[in-house]
Amino acid sequence: MFRKIVNIIPKDFHPRALVVAITVLLRAILNFFGIAMLVPLLMLILDFEALQANPIVTEVYNLLGCKSHSQFVIISAVAIVCFIALKNATNLWLYNFERNFTYDLYGHLSRKLYIDYYHRGLLYVADHNSTELSRNVNFVCLNFVIGILKPSMAIVGEIIPFALIIIAIIFYDPTASILLALTFVPAVWIYYSFVKERLHRYGQQENQAQREKFRNVAESFRGYVDVEISNAFPQIISAFDNATDRLVTLRKRDATLSTIPQGITETSLAAGMAALIIVGAFMPERKIGLVFGLFAVAAVRLLPSIRNILTSLTAIRYNLHTIDTLSEIKSQSHSVEDTQQRIHLRKQMEIRNISFRYSENASNVLNDFSLTIKQGARVGIRGVSGAGKSTLMNIMLGLYTPCKGEILIDGVKLDHSTRRMWQNNIGYVPQNVFLLDSTLIENIALGVDSDQIDYDRVMEVVEMASLKEFVERLPDGLNSHIGEAGCRVSGGERQRIGIARALYKRPDILFFDEATSSLDRTTEQSINSSIAELSAQNSTITIVAIAHRESSLEYCDQIINIERL
Ligand code: ADP
């Protein structure tokens, strides 16, 4: 497990992790001295004679020029209080390193996991539940830091002074240490072996229940109309209730298990005291007071320590599943490519003998497919549903890598190194244009910072996509809010926004993926004539459209049919 945690922490955080480890150690040692300082104080009161026998103490006593026992006690007590106050202030300062490290690491891991998922590509994203991916990015990373890292450091920070205290007591008075060990160790051991496996299981089950809850909520809002018309809400709410019930039960169990350490430690303390009284009956009177005092001081410090260790172990067992999720992060570069360079299409795009299948065991969706698209051509690709049109489109967009064959743009091979530059030169309109929950202008200039948006270009593309009337009707024109929580747009308007977006970046080539298939005939014709018009006015722009019906491709001058294999 330790190896896995170290592997999750990125290399550039390792030096900081080392500094944090040192500060945790320093804090632990300081904490030990904090408690150790109480022993001489105790002896000052209970066994001054024994203390006086110590040559160092006599030296200090003489150095301070103390005239009486009480003067020495007062000076020592003030010095001890000052030391403890200073120790706590230092500890607070040292804690900053741990706090900054853990939360900075959370930010870093969350970003890294997000970019990692994104870079896994369309095939991965399409195959996974988006709510689950976003939950991992936002919550699992936080749970790892709070539920694994912080408790691990807490355990180290507690165990060191704990061990030192026990060792010191063994040296000073074995009776008290044996009693402490006998009362606490078996209780802690029994508790931990009882909860260990349970907690791991509860953690995994909670993760599963959380996932289901998130999915139910997201799906019911995303598919509201379908859910409502199909009367699927009762079924969804029952699945939601089921997950909530499981979650509530797990949380209750976890809460119960977390309160047990307090009971265990207190009972152990009482048992230790009782044992001490019994053993004390056989000790000289002076000695029993000191042993009792030592036991009490140690127990007062050890009690919360043991509780903290147990609670931390509980948290770690409960959050073990986060390690698996984060271990999946690939160690490739997590930088975001942001080049503005383009690969231009001046002559032709060649699709050469392309084959594609979705997985090793699946059969080919495309087999040895070739096509040459000249600059300025309007190519329509037609085929029945399932023929592989969208697959071909995603290959042309650089989103899927073909299993065989290649795509050349003016002789430049489309691969992972040229993909971004090719995409910078592409306009793409899908069947359901994705709208950002933002203003219309930000939706048109998608990916451009609001203060960098070229307003004149936006007005141009609004005109080209025949959106002018729509913009004039909006309450705040281009600054009106559209998207998920914004004002409603019709199917036709949505597609026109998609066209305006595609045109904004002045692409050499426009891809339409069933862009008008879900529209009524009149709207489709109107959009088709807008496309035909903009294509006539920009003769160098290349158009590739895929559709299952001929009417969606009326502006094309070359139609390719693809068959289902
Ligand atoms: P079209 O766009 O012509 O309707 P697609 O390219 O979407 O066809 O799909 C072609 C075939 O590939 C279909 O049999 C479909 O089930 C399969 N397919 C599409 N996407 C995936 C995917 N992500 N994983 C596995 N199979 C897929």
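None of these values were measured; they are calculated from a predicted model. Heads up: numbering here begins at 1 and tracks the sequence. Both ligands and their constituent atoms are indexed starting at 1 by order of listing.
Residue contacts with ligand 1: A387 is placed with a nitrogen or oxygen under 3.5 Å of a nitrogen or oxygen of the ligand (distance criterion only). Considering backbone and side-chain N/O of Y358, one or more are found under 3.5 Å from N/O of ligand 1.
Those atoms of ligand 1 that come under 4.0 Å of a heavy atom in K389, given as number and element, are 1 (P), 2 (O), 3 (O), 4 (O), 6 (O), 8 (O). Within the listing of ligand 1, atoms 5 (P), 6 (O), 9 (O), 10 (C) sit less than 4.0 angstrom from a heavy atom of T391. Residue contact check: S385 has heavy atoms under 4.0 Å from atoms 4 (O) of ligand 1. Residue contact check: V384 has heavy atoms under 4.0 Å from atoms 3 (O) of ligand 1.
Less than 6.0 angstrom separates the ring centroid of Y358 from the ring centroid of F356.
Residue Q235 places its CD atom among 12 or fewer non-hydrogen atoms of other residues, nucleotides or ligands, all under 6.0 Å distant. Within a 6.0 Å sphere centred on OH of Y118, other residues, nucleotides and ligands contribute 12 heavy atoms or fewer. The neighbour count for Q452 CD, taken as heavy atoms of other residues, nucleotides or ligands under 6.0 Å away, is above 12.
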Show the numbers, then the answer: is there a side-chain contact (heavy atoms from CB on, under 4.5 Å) between M464 and N538? CA-CA 11 Å; M464 285 159 93; N538 303 270; 3.8 Å; yes

side-chain contact (heavy atoms from CB on, under 4.5 Å), that's the test. Do H548 and K389 meet it? Break it down for me. CA-CA 9 Å; H548 63 278; K389 302 182 297 294; 4.1 Å; yes

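The protein heavy atom nearest to atom 8 (O) of ligand 1 is G388 N, 3.2 Å. The protein heavy-atom contact nearest to atom 13 (C) of ligand 1 is G386 O, 4.0 Å. The nearest protein atom to atom 7 (O) of ligand 1, hydrogens excluded, is given as S390 CB, 3.7 Å; this is a heavy-atom distance.
Under the 6.0 Å distance and 45° angle rule, R198 counts as a cation-pi partner of F194.
In this structure, atom 3 (O) of ligand 1 has protein heavy atoms in its sub-4.0 angstrom surroundings. Inside a 4.0 Å radius of atom 15 (C) of ligand 1 there is not any protein heavy atom.
Heavy-atom minimum distance, F369 versus I351: O-CG2, 3.8 Å.
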